[in-house]
Amino acid sequence: MDLTQNDCVNNGDCDNNSDFSKRSDKPRRLNMERQRSFDERSLVEASPRYTSWAENGQRHIDLDSVFSPSKRSPFNTPRGRYGYEAHPMFAEAWESLRKTMVYFRGQPVGTIAALDNSEEKQNYDQVFVRDFIPSGLAFLMNGEPEIVKNFLLKTLRLQSWEKKIDRFQLGEGVMPASFKVLHDPVRNTETLMADFGESAIGRVAPVDSGFWWIILLRAYTKSTGDTLLAERPECQNGIRLVLALCLSEGFDTFPTLLCADGCSMIDRRMGVYGYPIEIQALFFMALRCALVLLKQDDQGKELVDRIVKRLHALSFHMRSYFWLDLKQLNDIYRYKTEEYSHTAVNKFNVIPDSLPEWVFDFMPTYGGYFLGNVGPSNMDFRWFCLGNCIAILSSLATPEQSLAIMDLIESRWEELVGDMPVKVCYPAIESHDWRIITGCDPKNTRWSYHNGGSWPVLLWLLTAACIKVGRPQIARRAIEVAELRLAKDGWPEYYDGKSGRYVGKQARKHQTWSVAGYLVAKMMLEDPSHLGMISLEEDKQMKPMVKRSSSWTF
């Protein structure tokens, strides 16, 4: 029996033949073992590598002293180091990932976005910062940190470039969206060429690249135990430059980060401008990672104080105003409008008639999620996978909220997972709304691409969140669904259709982050201690000042 199977037996609620979509919304009695987070339980019990110490009858483990092992497990040896028999496509995935590796002056520096040569390459032959994250995690888990270290240093050098779009100069701390290696056969030289958004569709600079860079630097440090890289002056300066862009004071009255459409994984017009959950969750996680990485010198201490203040404000704002469950939905349904002064209940003046009809059927009795966007007279009720999973991993979500997100996924399995995990967002925008919100984007028609498409790369985020919350059986079932088709279909970028039955009409095959996302998910289930490099435990000083919803019944 493998490690994650033991976890299911201990919980007593793992049924390989269960159908999540047919479960009722009646309360489930959750025992305390199930509520314990990954770092309290799974790291100790699921990994033979670590032992715990006892005090007053309680088991403890110091997460800050734990780092993921770096023992290499070659891709042509699919059997795991603890006797775990990998799926046949596991070895195929490793072989595919290695084919995407990019070298600069003899050193590996990243992986290209896709190996599909069936159409014009466009920018799929470049190394994208956000795309490399699952690749980097896979290499770290396999004991190959060199490519991650080189990637971090090369993108850091690109950050220092002068960045102009037309005649306008971008902020000093902006990280590139992507880069490529240019070979000059005549001069026998190699150079790096970066894209900061000046070549992107829509000409939007990536807000998420800098956050992902900080998160990956922390993952590298956690995995290898090597603190010297983060302590380098250039790395410290890189962190400060990224955060200087985000922590600057201005006209905004909210602690959230104001963003344009197309500045994240959803890099086309999809109505996520304003305060999208993906960026806010990544912002929160990057701030928490920076607290660990920054040196306590004069410059570092000043920035740390600003980070701590922002984290307190951001966590309160997100947990209070972005959270939606049945009780909160009912409260919004009964909102009064045009309220003035600090005593207003409807603080954003949301009109109840603007609530979409689908949300009343989608919201289960027991469960909840973070809204896609909240701003003046605006609540985007769509469910976004990446933002909610990062909220769990960063502990932006409280333990109760994390469990509620998992309850929602279980209750709405067919809608969110279906035939190919996982929906990037739910539901799709259709008809007149689609025309207005997407600008009639032919690639983002309903249930396609960013508009309700299914993205296999999100499998690693779902798996990590499930393990942290103590429900690995949800991730295992999702992985089994993906294994039925993902390799046979040629590792597509995304799937179309309401349940994700069809390979995306414009999806590239052999998409690198689809391959890497699967590998990371499988390796995390094999050895849950790997979660330590991408998970942060709750900061007890940021306890929410909000009442727990009555829909959370344990």
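Atom set for the values below is all heavy atoms of this structure, side chains included, hydrogens, waters and symmetry mates excluded. This chain uses plain numbering: 1 for the first residue, then up along the sequence.
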Residue of the set Leu152, Ile239, Leu287 for which side-chain contact (heavy atoms from CB on, under 4.5 Å) holds with Ile214: Ile239
CD-CH2 distance between Gln511 and Trp491, expressed to the nearest 0.5 angstrom: 12.5 Å
Partner of Phe151 under ring pair (Phe, Tyr, Trp, His ring centres under 6.0 Å), chosen from Tyr220, Phe128, Phe132: Phe132
Where Gly171 and Lys163 come nearest, the two heavy atoms and their spacing: O-CE, 3.1 Å
Side-chain touch Met193/Phe179, heavy atoms, less than 4.5 angstrom: no
Electrostatic pair Glu430:Arg446 at N-O distance under 4.0 angstrom: yes
Test log, rule side-chain hydrogen bond (donor to acceptor under 3.5 Å, both in side chains), inputs Trp213 and Thr155: CA-CA 8 Å; Trp213 186 88; Thr155 49; 3.2 Å; yes
Nearest-0.5 Å distance, NZ of residue Lys498 to NZ of residue Lys423: 9.5 Å
Salt bridge flag under 4.0 Å for residues Asp441 and Lys443: no
Student check: side-chain heavy atoms of Cys246 and Leu257 closer than 4.5 Å: yes
Check: Phe139 ring centroid to Trp94 ring centroid under 6.0 Å: yes
Contact check, side chains of Phe104 and Lys154, non-hydrogen atoms, under 4.5 Å: yes
Point-to-point distance, once rounded to the nearest 0.5 Å, from CD1 of Ile405 to CD of Glu410: 13.0 Å
Pair Cys466-Met406, side chain to side chain contact (heavy atoms under 4.5 Å, CB included): steps then yes or no: CA-CA 7 Å; Cys466 289; Met406 287 298 146; 3.7 Å; yes
CZ (Arg203) with more than 12 external heavy atoms under 6.0 Å: yes
Salt-bridge contact Asp407-Arg471 (side-chain N to carboxylate O under 4.0 Å): yes
Non-hydrogen side-chain atoms of Ile409 and Leu462 separated by less than 4.5 Å: yes
Residue pair Arg382 / Val272, side-chain heavy-atom distance below 4.5 Å: yes
Distance-minimising heavy-atom pair for Val481 and Gly418: CG1-O, 3.7 Å
Nearest non-hydrogen partners of Cys425 and Met270, listed with the distance: SG-CE, 4.4 Å
Side-chain heavy atoms of Thr221 within contact of Leu293, under 4.5 Å: yes
Electrostatic pair Arg130-Asp208, nearest N-O below 4.0 angstrom: yes
Side-chain donor/acceptor of Asp131 to backbone N/O of Trp513, under 3.5 Å: no
Atom of Pro134, atom of Val520 and distance for their closest heavy-atom approach: O-CG2, 3.2 Å
Verdict with supporting geometry, Thr191 and Asp184, side chain to side chain contact (heavy atoms under 4.5 Å, CB included): CA-CA 8 Å; Thr191 56; Asp184 188 338; over 6 Å; no
Aromatic ring pairing His450/Trp455, orientation class (parallel under 30°, perpendicular over 60°, tilted between): parallel
CG on Leu459 to OG1 on Thr463, rounded to 0.5 Å: 4.5 Å
Ile215 and Ile133, any side-chain heavy atoms less than 4.5 Å apart: no
Heavy-atom side-chain proximity of Leu137 to Met533 below 4.5 angstrom: yes
Atom pair OG1/CG of Thr445 and Asp496 - distance to nearest 0.5 Å: 6.5 Å
Taking every non-hydrogen atom, the tightest pair across Met524 and Ile467: O-CD1, 3.6 Å
Plane angle bin for Tyr369 and Phe362 - parallel if under 30°, tilted between 30 and 60°, otherwise perpendicular: perpendicular
Glu493 and Tyr124: CA distance, side-chain angles, deciding distance, side-chain hydrogen bond (donor to acceptor under 3.5 Å, both in side chains) verdict: CA-CA 11 Å; Glu493 181 182 13; Tyr124 282 81; 3.1 Å; yes
Val127/Val109 under side chain to side chain contact (heavy atoms under 4.5 Å, CB included): CA gap, chis, key distance, verdict: CA-CA 9 Å; Val127 179; Val109 293; 5.5 Å; no
Among Tyr495, Tyr502, Tyr426, ring pair (Phe, Tyr, Trp, His ring centres under 6.0 Å) partner for Trp447: Tyr426
Test ring-ring contact (aromatic ring centres under 6.0 Å, His included) applied to Tyr494 and Tyr449, step by step: CA-CA 6 Å; Tyr494 64 94; Tyr449 204 40; 4.9 Å; yes
Residues Val181, Tyr103; criterion side chain to side chain contact (heavy atoms under 4.5 Å, CB included); working and verdict: CA-CA 8 Å; Val181 178; Tyr103 292 82; over 6 Å; no
Nearest atoms (heavy-atom pairs only) where Gly173 meets Gln159: O-NE2, 3.0 Å
Residue pair Asn444, Thr438: steps toward the side-chain hydrogen bond (donor to acceptor under 3.5 Å, both in side chains) verdict: CA-CA 7 Å; Asn444 273 337; Thr438 74; over 6 Å; no
Short N-O contact, Arg98 and Glu144, less than 4.0 angstrom: yes
